[in-house]
Structures are given as C-alpha cells and as structure tokens.
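Okay, structure first, notes after.
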Amino acid sequence: MEQFYMPVRIVSGQDCLKKNCGLFASFGRRALVVTGKSSARNGALEDIEYAFNMNGQAYDLYDAVPPNPTVQCVEEGARLARERGAEFIVAVGGGSPMDAAKAIAMAARQQVEGSIFSHAIGEDVLPMVHIPTTAGTGSEVTPYAIITNDEKQTKTSISAPSLFPKLAFLDGKYMANLPQSVTVNTALDAVSHAVEGMLSVRAGVISDALARESLRLLLGQYEALRTGKYTIEARQALLHGSALAGMVIANTGTSPVHGMGYSLTYYHGVPHGRANGLLLPAFLKKCEQKIPARMEEIYAALGMDGAEFSYKVALLLGAREAYTDKLLRAYAQKASLNKNIKNCRAFFDEEDLYEVLKGSVGG
Ligand code: NAP
Ligand code: FE
C-alpha cells in the first residue's frame, strides 16, 4: 500500500513572492517573520516587507535563529509570537530558520509541558509561509522540524501533519550570493533525501517518480556545483530539485545516513548536507550487497554507477574530516538506536554502520 500527502501550495519562479503577495493576505493581520541574518542581505526580507505593505499587514522580526536551531531560539520566538499577537508565521532562510519557525508556530499556540521532543503535537499551529533561500533541506514541503537536542546530544526531528507550511515561494534569485560551500552542502542534502527516500520501506510509485526527477534536476547542475558558476536557471533547478526531494522524505522519511550524520553535526559542527554527502556513497556501496535489485534502480536514477557517484561526490567535498575509531564506534552505536534504521529496505546493524563511518570519515 502506498500513501502520499502533500498539502503545501507552491509558487515558483522569478519574483514569485512580489507577484503573488495577495496569497497570504487572508492569513491574518499580523505576522512574525522567523529568519537568520542573511535574508536582510539577499533581497528576501525586502520582498516580504513589500508584500506586507501591499496587503496592509503588520509584522515583527525574529532574526536570531542560529544554524542548527536550538530549543532556546524556539522558546524566544514563540514568546515573541504570543506577546505580539502574531496570527501567522513567515519563515525565510535555510533549513535552520524554516525548521525553527515550525516549532515556534507550534509552541506559540500549544502549552509545551516539559520537552518539545516529547510533546504530543496537536492541530493548533499558526499557519506558515516558507521561503527557502538555500536549496537542500526541502523543509518548505515537509512536516519535520529538526532541533538540537542537548539532553540526548543529537538532533531530533519533531513531526506532525500540522507542521506542514500552507504556502511556499521558490525563487532562486535569493541564492545569487549563496556561498559555494553552502550551495554544495545543501545540494548534497537534497540528493541524499531523494536517494534515501528511494531506500525507504515506504517508497512507492509516486515518491520514486519525484525522487527520479529531483535527481535529474540536481545532478543536471553538477558542472555548476563543481565550478561554482551558477545561472539563475541553475539556482532555480536546484531549488525545484530540493523541493521535490523534500516531498519524497515528507512521505518516506530518511535513512541511517541522516542518523549517522547527526553525530558529525552535533559533535563536530559538520554542516548537515556535507555530513550526508560524506556518508552516502559508502552507505550505497553496502546496500549493493544487501538490496542489489533496488540499488540498480537507484543508480539508474543517479545516471551512474556507485564508483562514479563516489568520485563525483568526493570532488565536491574536497578534503575529508577524519575521526578516531573510538568516536566512530560511539556514533555507530548511537545511529543504531535511531528510528530511521527500521525505515530502510536494507538492514544495517551497528557493525555495518561502523564500517560505513570508517570508510567515509575514518582516521
Ligand atoms: P542553514 O543553517 O539554514 O544555513 C546555512 C548558512 O547559510 C547560514 O549561515 C545562513 O545564514 C546562510 N544562508 C542561508 N541562505 C542564504 C542566502 N540566500 N545567501 C547567503 N547566505 C545564506 O543551512 P541548511 O543546510 O539550509 O539547513 C540545515 C538545517 O536544516 C539543519 O538543522 C538540518 O538538520 C535541517 N534539515 C531539515 C529538514 C526538514 O525536512 N525539515 C531536512 C533536512 C535538513 P543565516 O541563517 O544567518 O541567514
Ligand atoms: Fe537532510
């Protein structure tokens, strides 16, 4: 049985926000904008302000979301939303502000007793408009918010259908000055989502179709990613590829690649997409033994075999991080407890995970 759900209205193309600002006129009279620092420089905040002015809507700004959002920023943002009477949220930025915004939209309306990670998320969530300014996480089309969990020393995903944004605007122009490292890392995150979605036990005809098209769009920009030279069309293709991959994982979930990557991010600050890029080729190599027929389909979707994929990803990653055996054993153990182990068509025990880590970031 296959299930697929995608409730987000998506508007894309150059100046799509300015041309369609009326679309969120009915969301309320006052918004909270949740963002980091770059939206003030890349033109996105300016377009949002234009839209609010056109609609006669008021807004407050919460621009203190750090990369890898924290519980503290969620609490601060939710407090501000409540104090200022925000009726909806506009999230603008990379995955970090987009994820924080979802948790803020929830915590602004629901009494969270204890930790947000154990809170049963209800239906009452402020409506959200998401505007990605990186092309990777697909958060604008997922019901997930990934928040740093210091108690468990990892990153934990909170998830509920009510965390889907209502509306998303995809405009590649905001990424004109996105640093090359962020562009590459986020593109690898999106590639990872599409591939991991195909590895999921929940993959089906619809998610596979989206994953294949996502990979076509993303890998079609490989030369741009390698050389760092992007046209606006390349930026838009990456953004569309990322959104399609987001639709995939919104329905399939991710795989142990994400599970292992969280330790590299939590303990060593490796950017999320880079962590996935480091781990994915070795993970796929192991899948070749475990699920050969499915791997043939995945390599066909990638348009190359495992060796070429590994080589091409390595060119994008440059010099690799390396960690001691002791650390990698600990990360393998941690990843073996993650719920996405059961989500993968190939079973990976702790030893398998260690071997993938060792082959990817071994000292
Ligand atoms: P990010 O942490 O949101 O952004 C990375 C850096 O790029 C930040 O310094 C950011 O600055 C800057 N930046 C963003 N847009 C820019 C632009 N247009 N121009 C110049 N600089 C820009 O990174 P991300 O990779 O997009 O998101 C990673 C997060 O998403 C992780 O926490 C990850 O776990 C999560 N994630 C979520 C999902 C999901 O389904 N919800 C899926 C995968 C990953 P400012 O922030 O200061 O603006
Ligand atoms: Fe991801």
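Note that ligands are numbered from 1 as they come in the structure, with each ligand's atoms numbered from 1 the same way.
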For this session: Would you please classify the geometry between the Phe88 ring and the Phe24 ring as parallel, tilted or perpendicular, with 30° and 60° separating the classes?
Result: tilted

Exercise. Under the 6.0 Å and 45° cation-pi test, does Lys155 pair with Tyr266?
Worked result: no

Problem set entry | Thr186 N/O to ligand 1 N/O under 3.5 Å | no

Exercise. What atoms of ligand 1 come closer than 4.0 angstrom to any heavy atom of Val182?
Worked result: 7 (O)

Exercise. So which bit of Asp189 gets within less than 4.0 Å of ligand 1, heavy atoms only: side chain, backbone, both or neither?
Worked result: side chain

Problem set entry | Distance below 2.8 Å from the Fe ion (ligand 2): protein N/O/S atoms | Asp189 OD1, His193 NE2, His258 NE2, His272 NE2

Exercise. How are the rings of His272 and Tyr262 set to each other: parallel, tilted or perpendicular (split at 30° and 60°)?
Worked result: parallel

Exercise. Is Thr142 touching ligand 1 with its side chain, its backbone, both, or neither, if touching means heavy atoms under 4.0 Å apart?
Worked result: side chain

Seminar exercise, completed: Within the 4.0 Å heavy-atom cut-off, what Pro132 brings close to ligand 1 is neither

Problem set entry | For Thr134, atoms of ligand 1 separated by under 4.0 Å from a heavy atom | 14 (C), 15 (N), 26 (O)

Exercise. Relative to each other, are the rings of Tyr5 and Phe164 parallel, tilted or perpendicular (30° and 60° limits)?
Worked result: perpendicular

Exercise. Salt-bridged, Glu351 to Arg329, with N to O below 4.0 Å?
Worked result: yes

Exercise. How does His272 reach ligand 1, if at all, at less than 4.0 Å between non-hydrogen atoms: by side chain, backbone, both, or neither?
Worked result: side chain

Seminar exercise, completed: Logged contact type for Tyr174 with ligand 1, heavy-atom cut-off 4.0 Å, is backbone

Exercise. At a non-hydrogen distance cut-off of under 4.0 Å, which region of Lys155 contacts ligand 1 (side chain, backbone, both, or neither)?
Worked result: side chain

Exercise. Applying a 4.0 Å heavy-atom criterion (strictly less than), which segment of Pro179 is in contact with ligand 1: side chain, backbone, both, or neither?
Worked result: side chain

For this session: Examine the proximity of ligand 1 to Met98 and report which part, side chain or backbone, both or neither, has a heavy atom under 4.0 Å away.
Result: neither

Exercise. Between the candidates Asn68, Thr183, Asp99, which shows the shortest non-hydrogen contact distance to atom 35 (C) of ligand 1?
Worked result: Asp99

For this session: Flag Ser39 as yes when one of its N or O atoms lies below 3.5 Å from any N or O atom of ligand 1, and as no otherwise.
Result: no

